[in-house]
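These notes concern the structure reproduced below.
Just so it is clear, the values below take in all heavy atoms, side chains as well, and ignore hydrogens, waters and symmetry mates.
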Amino acid sequence: MALAAPAPALKRRFYARDVVEVAQDLIGCVVAHEGVSGVIVETEAYHDCEPACHAFVGLTARTATLFGPPGRAYVYRSYGIHALLNAVCELEGIGAAVLIRALEPVDGVETMRARRGHDRLEDLCSGPGKLTQALGVELADNGADLETGPLVIRPRPRAWREVAIACGPRIGITKAVELPWRFSAAGSRFVSRRSGVAAVPGR
DNA sequence: CATGGGATTGACT
DNA sequence: GTCAATCCCATGC
């Protein structure tokens with residue numbers, strides 16, 4: 001019996017709803033790019049109604065992807081050095097996205113090690129700039145369709161179906177710091193930071 | 001056209 | 001704990 005084919009990628013309608021819900025539902029899902037993949041263990045939600053979101057300034061060249069159709073990648077350069085990967089959410093015309101902040105490596109670990117220049121498994125994808133480097137995601141992937149690939153996000157594997165989710169304040173921002181819109185797989189060794197989280201009530 | 005500010009990381013004290 | 005690297009883009013003159 002051959003290995004099962006990978007699950008089909010998440011469809012546009014998965015992303016076309018409340019960005020804070022999508023941020024939680026993406027925990028445990030799998031990001032894959034050209035044979036390299038990992039399980040999402042940390043996310044943050046951003047919405048144009050709050051000032052920490054790039055889309056807060058309105059429609060510009062930079063934010064066009066955020067206001068575009070859901071299910072696309074929003075990739076931008078941070079601090080002049082790192083490419084950060086988001087999944088665009090909500091309906092077209094609303095600027096919202098989920099920042100993918102950390103992965104638990106699954107496939108292509110040796111490729112990740114070579115690209116990252118680090119050996120420890122926990123150092124490969126435990127941060128938003130680290131995981132794009134490990135996956136080979138670049139600015140040119142901005143606007144790419146996450147349903148058709150080559151960069152795709154797949155549903156939770158069976159073992160991740162019941163993952164416990166923690167929440168806390170978003171990291172590295174100076175505005176709207178009070179919103180608890182950072183989510184992580186409870187107890188994961190692969191998140192970017194360990195502190196500042198609490199259990200999500202009722203989930 | 002000049003300026004300033006980051007959704008970070010890694011090296012160093 | 002501190003701090004520099006580095007570049008895209010929004011803003012203002």
Side-chain angles (χ1 to χ4, degrees), chain A residues 15 18-24 26-27 29 31 38 40-68 70 72-90 94-105 112-144 146 151 153 166-185 188-197:
Chain A
Y15 302 96
D18 182 84
V19 68
V20 178
E21 286 189 12
V22 177
Q24 295 169 70
L26 278 174
I27 299 292
C29 294
V31 182
I40 299 171
V41 295
E42 184 178 347
T43 61
E44 285 176 2
Y46 288 88
H47 191 288
D48 63 31
C49 68
E50 46 90 15
C53 183
H54 292 167
F56 187 71
V57 299
L59 181 61
T60 65
R62 182 192 204 193
T63 62
T65 306
L66 282 169
F67 285 100
R72 306 280 181 90
Y74 168 54
V75 184
Y76 72 97
R77 188 164 304 291
S78 174
Y79 290 96
I81 305 171
H82 308 288
L84 268 55
L85 171 64
N86 300 249
V88 176
C89 293
E90 309 253 1
I94 296 175
V98 174
L99 171 66
I100 311 297
R101 284 196 57 91
L103 307 177
E104 176 173 328
M112 291 185 182
R113 287 197 168 106
R115 286 172 173 161
R116 291 274 302 120
H118 291 269
D119 283 343
R120 279 182 71 242
L121 206 53
E122 293 87 346
D123 291 336
L124 298 180
C125 299
S126 55
K130 298 178 186 178
L131 71 91
T132 54
Q133 186 182 27
L135 288 171
V137 170
E138 300 170 8
L139 283 199
D141 295 300
N142 184 41
L146 293 172
L151 175 63
I153 304 181
C167 74
R170 294 174 294 181
I171 291 173
I173 56 171
T174 57
K175 301 165 201 162
V177 295
E178 71 283 359
L179 292 174
W181 283 4
R182 172 182 178 240
F183 302 98
S184 60
S188 173
R189 300 150 45 215
F190 298 95
V191 298
S192 64
R193 303 187 189 187
R194 297 271 216 129
S195 60
V197 295

Any pair counted as side-chain hydrogen bond (donor to acceptor under 3.5 Å, both in side chains), so long as it reaches residues 134-143 of chain A, sequence neighbours left out: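 Listed once each, the pairs are A/Thr65-A/Asn142.
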Modelled atom types, side-chain donor and acceptor of A/Gln133 and A/Arg116, under 3.5 Å: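 Side-chain D/A pair, A/Gln133 to A/Arg116: present.
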Residue pair A/Ser188 / A/Glu104, side-chain donor-acceptor N/O under 3.5 Å: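 The criterion, which ignores hydrogens and geometry beyond distance, is not satisfied for A/Glu104 and A/Ser188.
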Residue list, side chain to side chain contact (heavy atoms under 4.5 Å, CB included) with A/Thr132, at least two apart or on another chain: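 A/Thr132 satisfies side chain to side chain contact (heavy atoms under 4.5 Å, CB included) with A/Ala83, A/Leu85, A/Val137 once adjacent residues are dropped.
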Watson-Crick or G-U stems of DNA chain C, 3 or more pairs, under 3.5 Å, by first number: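 As far as DNA chain C goes, consecutive pairing (with distances under 3.5 Å) yields the stems B:1-6 with C:7-12, B:8-12 with C:1-5.
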Test log, rule side-chain contact (heavy atoms from CB on, under 4.5 Å), inputs A/Met112 and A/Leu121: CA-CA 9 Å; A/Met112 291 185 182; A/Leu121 206 53; over 6 Å; no
CA sep, side-chain torsions, deciding dist, call: A/Ile153, A/Tyr15, side-chain contact (heavy atoms from CB on, under 4.5 Å): CA-CA 11 Å; A/Ile153 304 181; A/Tyr15 302 96; 3.5 Å; yes
Sugar-phosphate, base or nothing in reach of A/Arg170, heavy atoms under 4.0 Å: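 No contact at all - A/Arg170 keeps every heavy atom at 4.0 Å or more from the nucleic acid.
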Base-contact (B) and sugar-phosphate-only (S) positions in nucleotides 8-13 of chain B, heavy-atom cut-off under 4.0 Å, - elsewhere: BSS---
Qualifying residue for side chain to side chain contact (heavy atoms under 4.5 Å, CB included) with A/Tyr46, from A/Val20, A/Val98, A/Leu179, A/Ile173: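 Of the listed options, the one satisfying the test is A/Ile173.
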Contacting residues from residues 41-59 of chain A, given that a heavy atom lies under 4.0 angstrom of DNA chain B: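 Within residues 41-59 of chain A, the residues near DNA chain B are A/Tyr46, A/Ala52, A/His54.
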Atom pair distance, as rounded to whole Å: CZ in A/Arg77 and P in C/dA5: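 So the two atoms are 17 Å apart, to the nearest Å.
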Rounded interatomic separation in angstrom, taking CD from A/Glu138 and P from C/dT6: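 After rounding, the reported distance stands at 18 Å.
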Set of salt bridge (Lys or Arg N to Asp or Glu O under 4.0 Å) partners for A/Glu50, sequence neighbours left out: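 So A/Glu50 forms a salt bridge (Lys or Arg N to Asp or Glu O under 4.0 Å) with A/Arg170.
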Derivation of the side-chain contact (heavy atoms from CB on, under 4.5 Å) call for A/Lys175 and A/Phe56: CA-CA 11 Å; A/Lys175 301 165 201 162; A/Phe56 187 71; over 6 Å; no
side-chain contact (heavy atoms from CB on, under 4.5 Å) between A/Arg113 and A/Leu124, worked out: CA-CA 7 Å; A/Arg113 287 197 168 106; A/Leu124 298 180; 4.0 Å; yes
